[in-house]
Amino acid sequence: MGLGKKSNIKKIHIFKNKTLSRIKNTPFHVSNQTLYTDMKIQSVIETTSKSYKRYQNSLSNHPNLLEKNLFNPMPGNPLND
């Protein structure tokens with residue numbers, strides 16, 4: 001139960017969708033997928049996955065053994081793939 005909970009990711013996703021709609025001043029019938037495609041923006045889960053993998057790589061290559069041991073893949077975590 002951390003910041004990556006589904007409910008927190010959903011809140012961020014909703015905020016991002018509303019913000020993008022306001023920036024582009026789109027009518028309500030324009031889908032979020034259309035906004036993401038037109039603006040070439042990644043979804044919240046894609047962004048978090050990339051950040052997680054980048055963090056994972058930085059720890060695995062870290063010279064300090066204590067830092068290397070900070071990263072332990074959690075079983076069932078979809079970001080481990």
Side-chain angles (χ1 to χ4, degrees):
M1 297 218 193
L3 296 175
K5 280 179 59 174
K6 286 183 183 180
S7 60
N8 290 336
I9 291 174
K10 186 176 179 178
K11 288 177 187 177
I12 294 169
H13 187 68
I14 291 169
F15 175 77
K16 187 174 181 179
N17 291 341
K18 286 181 178 181
T19 304
L20 290 176
S21 293
R22 288 182 183 144
I23 290 170
K24 290 290 277 185
N25 198 23
T26 58
F28 69 92
H29 63 273
V30 175
S31 72
N32 293 326
Q33 185 61 43
T34 302
L35 280 175
Y36 280 70
T37 304
D38 289 350
M39 297 176 77
K40 297 179 180 144
I41 293 178
Q42 296 177 336
S43 70
V44 174
I45 197 69
E46 289 171 336
T47 305
T48 55
S49 294
K50 282 186 176 183
S51 296
Y52 178 80
K53 288 176 182 176
R54 192 170 36 241
Y55 176 67
Q56 176 185 2
N57 288 336
S58 71
L59 285 181
S60 65
N61 297 324
H62 202 281
N64 186 335
L65 289 176
L66 294 174
E67 294 289 331
K68 280 186 180 184
N69 292 331
L70 283 176
F71 176 75
N72 292 318
M74 294 174 16
N77 186 344
L79 298 177
N80 288 338
D81 299 334

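Given the structure is predicted, the values throughout are model-derived calculations rather than measurements.
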OH (Y36) and CG (L20) are apart, to the nearest 0.5 Å, by 5.5 Å
Is there a path of hydrophobic side-chain contacts, each under 4.5 Å between heavy atoms, that joins L35 and I41? yes
Indicate the atoms forming the closest heavy-atom contact of Q42 with K16, along with that distance. O-NZ, 2.6 Å
Non-hydrogen side-chain atoms of I45 and T48 separated by less than 4.5 Å: yes
As an exercise, state the distance from OG of S43 to CD1 of I12, rounded to the nearest 0.5 Å. 12.0 Å
Could you list the donor-acceptor pairs under 3.5 angstrom formed by side chains in residues 23-32, with sequence neighbours left out?
residue, atom, partner, partner atom, Å
S31, OG, T34, N, 3.1
S31, OG, T34, OG1, 2.7

